[in-house]
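Have a look at the structure below, then the notes.
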Number of protein chains: 2
Amino acid sequence: MEINTGIIENNKTQMRRGVLEYSILLILACGDEYASSIIQKMKDVNIIVAEGTIYPLLIRLKKLGLLNYRWEESTQGPPRKYYMITDYGREQLNELDAAWDELARGIETIRNGSKA
Amino acid sequence: MEINTGIIENNKTQMRRGVLEYSILLILACGDEYASSIIQKMKDVNIIVAEGTIYPLLIRLKKLGLLNYRWEESTQGPPRKYYMITDYGREQLNELDAAWDELARGIETIRNGSKA
DNA sequence: TTAGAATACCTTGCAACACAAGGTACTGAA
DNA sequence: TTCAGTACCTTGTGTTGCAAGGTATTCTAA
């Protein structure tokens with residue numbers, strides 16, 4: 001219907017992609033979670049992620065040593081794979097915090113320039 | 001050498017990617033520029049872009065109707081292709097502004113959650 | 001006890017896209 | 001006329017998000 005949707009939606013998706021790993025680490029820094037709950041928490045702040053994205057991503061982060069996991073029984077279905085952040089993951093998260101701040105500052109600077 | 005570099009650099013790149021189109025539109029909203037000067041302006045705020053990225057991207061944005069261009073002689077070399085933002089481009093930019101704000105708010109929310 | 005729904009995990013194949021590398025063309029100076 | 005500087009552009013590669021499809025477990029209701 002709307003012509004705009006394509007371009008804008010595409011770009012919003014693009015923006016989200018950039019912060020996927022970062023936001024997962026942020027969430028896990030707060031406490032252990034399993035895939036579905038991570039997806040939910042991200043949806044709560046309007047960062048949409050698909051299952052097909054998050055599973056490979058968690059596996060990748062595990063391989064890189066940023067995360068670990070443990071199995072835990074659930075009263076409501078099959079067992080859950082709870083991911084937790086490692087010390088190394090926290091180190092990296094600190095750097096990502098800095099990277100995000102730098103990017104946000106950069107955008108802010110350009111934005112103000114375009115007002116002047 | 002450093003083990004960290006890969007992961008972090010990779011992620012910084014990833015973050016930058018998400019805002020490439022957005023920051024180009026922001027820059028052009030401020031005034032007409034040619035490819036090399038856009039790259040320079042982005043570098044000034046630590047958003048690194050390669051030539052091989054920016055040329056196809058500008059062509060894409062032109063095709064989408066967000067940009068136009070004109071040729072202009074230079075006293076210092078070959079003619080330059082100055083890009084300018086269209087009215088439609090400005091409309092889209094407004095939406096991207098909103099998208100960026102939303103994303104930044106989302107990240108901020110998760111971040112504060114991890115402090116609590 | 002079996003059929004279905006709900007929840008959770010995972011994989012495959014495709015498409016988008018940033019970027020390194022390599023290439024063309026114009027200008028001016030040595 | 002050769003070289004350096006500037007500007008443009010294209011090709012090939014690798015990464016990666018995601019839609020779609022698949023498996024396994026649990027609980028409920030017929």
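Excluded from the calculations below are hydrogen atoms, water molecules and symmetry mates; all remaining heavy atoms, backbone and side chain alike, are included. Letters A, B, ... mirror the listed sequences (proteins, then strands); counts begin at 1. Note that this is a predicted model, so its numbers are computed, not measured.
A donor-acceptor contact shorter than 3.5 Å links the side chain of A:Arg111 to the backbone of B:Asp97.
Pairing each heavy atom of B:Leu96 with each of A:Met15, the nearest pair is O-CE, 4.0 Å. For A:Thr86 against A:Gly65, the heavy-atom pair with the smallest separation is OG1-O, 2.7 Å.
Judged by closest nucleotide on DNA chain D, B:Glu51 is the one of B:Glu51 and A:Leu20 placed further toward the 5' end. Of the two residues contacting DNA chain D, namely A:Ala50 and B:Ala35, the nearest-nucleotide position lying further toward the 5' end is that of B:Ala35. Two residues, A:Gly77 and A:Pro56, neighbour DNA chain C, and the one matched to the more 5' nucleotide by heavy-atom proximity is A:Gly77.
In terms of phosphate contacts, A:Arg80 brings a side-chain nitrogen or oxygen within less than 4.0 Å of OP1 or OP2 of C:dA8. In this structure, B:Arg17 does not reach the D:dG17 phosphate: none of its side-chain N or O atoms is under 4.0 Å from OP1 or OP2. Put simply, A:Arg60 has no side-chain N or O that comes within less than 4.0 Å of OP1 or OP2 on C:dC10. At D:dG17, one or more side-chain N or O atoms of B:Gln14 fall inside 4.0 Å of OP1 or OP2 (strictly under the cut-off). Between A:Tyr34 and C:dA8 there is a side-chain polar atom (N or O) within less than 4.0 angstrom of OP1 or OP2. Dashed line: the shortest gap from a side-chain N or O of B:Thr53 to OP1 or OP2 of C:dA18 is not under 4.0 Å. Not one side-chain nitrogen or oxygen of A:Ser36 sits closer than 4.0 Å to the OP1 or OP2 atom of C:dT7.
Side-chain contact between B:Thr53 and B:Ile39: absent, with no pair of heavy atoms (C-beta onward) separated by less than 4.5 Å.
Distance A:Lys81 NZ to D:dA24 C1': 14 Å, rounded to the nearest Å. Taking atom CG on B:Asn10 and atom P on C:dC17, their separation rounds to 18 Å, with Å as the unit. Remark: P of D:dA24 and CH2 of A:Trp71 are 13 Å apart, rounded to the nearest angstrom. The distance between atom CD1 of A:Ile39 and atom P of C:dC10, rounded to the nearest whole Å, is 11 Å. One can place CG of A:Leu57 at 14 Å from P of C:dT11, the figure rounded to the nearest angstrom. If you measure from atom CD of A:Glu73 to atom P of D:dT26, you get 7 Å, rounded to the nearest angstrom. Distance B:Tyr55 OH to D:dG12 P: 20 Å, rounded to the nearest Å. Straight-line distance from the CG atom of A:Asn11 to the P atom of C:dA16: 15 Å, rounded to whole Å.
Rounding to the nearest 0.5 angstrom, the gap separating the CD1 atom in A:Ile8 from the OG1 atom in A:Thr13 is 10.5 Å.
In this structure, A:Ser74 reaches neither bases nor backbone, as no heavy-atom distance under 4.0 Å exists between it and the strands shown. Residue A:Thr13 is in sugar-phosphate contact alone, with no base atom involved, counting any heavy-atom pair closer than 4.0 Å across all strands shown. Among the atoms of the strands shown, base atoms are found under 4.0 Å from some heavy atom of A:Gly52.
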message: Using the rule given for side chain to side chain contact (heavy atoms under 4.5 Å, CB included), can you reason through A:Ile110 versus B:Asp44, listing the C-alpha separation, both sets of side-chain angles and the distance that settles it, and then say yes or no?
response: CA-CA 10 Å; A:Ile110 305 181; B:Asp44 289 344; over 6 Å; no
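Residue B:Pro78 places its side chain closer to C:dC26 than to any other of C:dA18, C:dC10, C:dC26.
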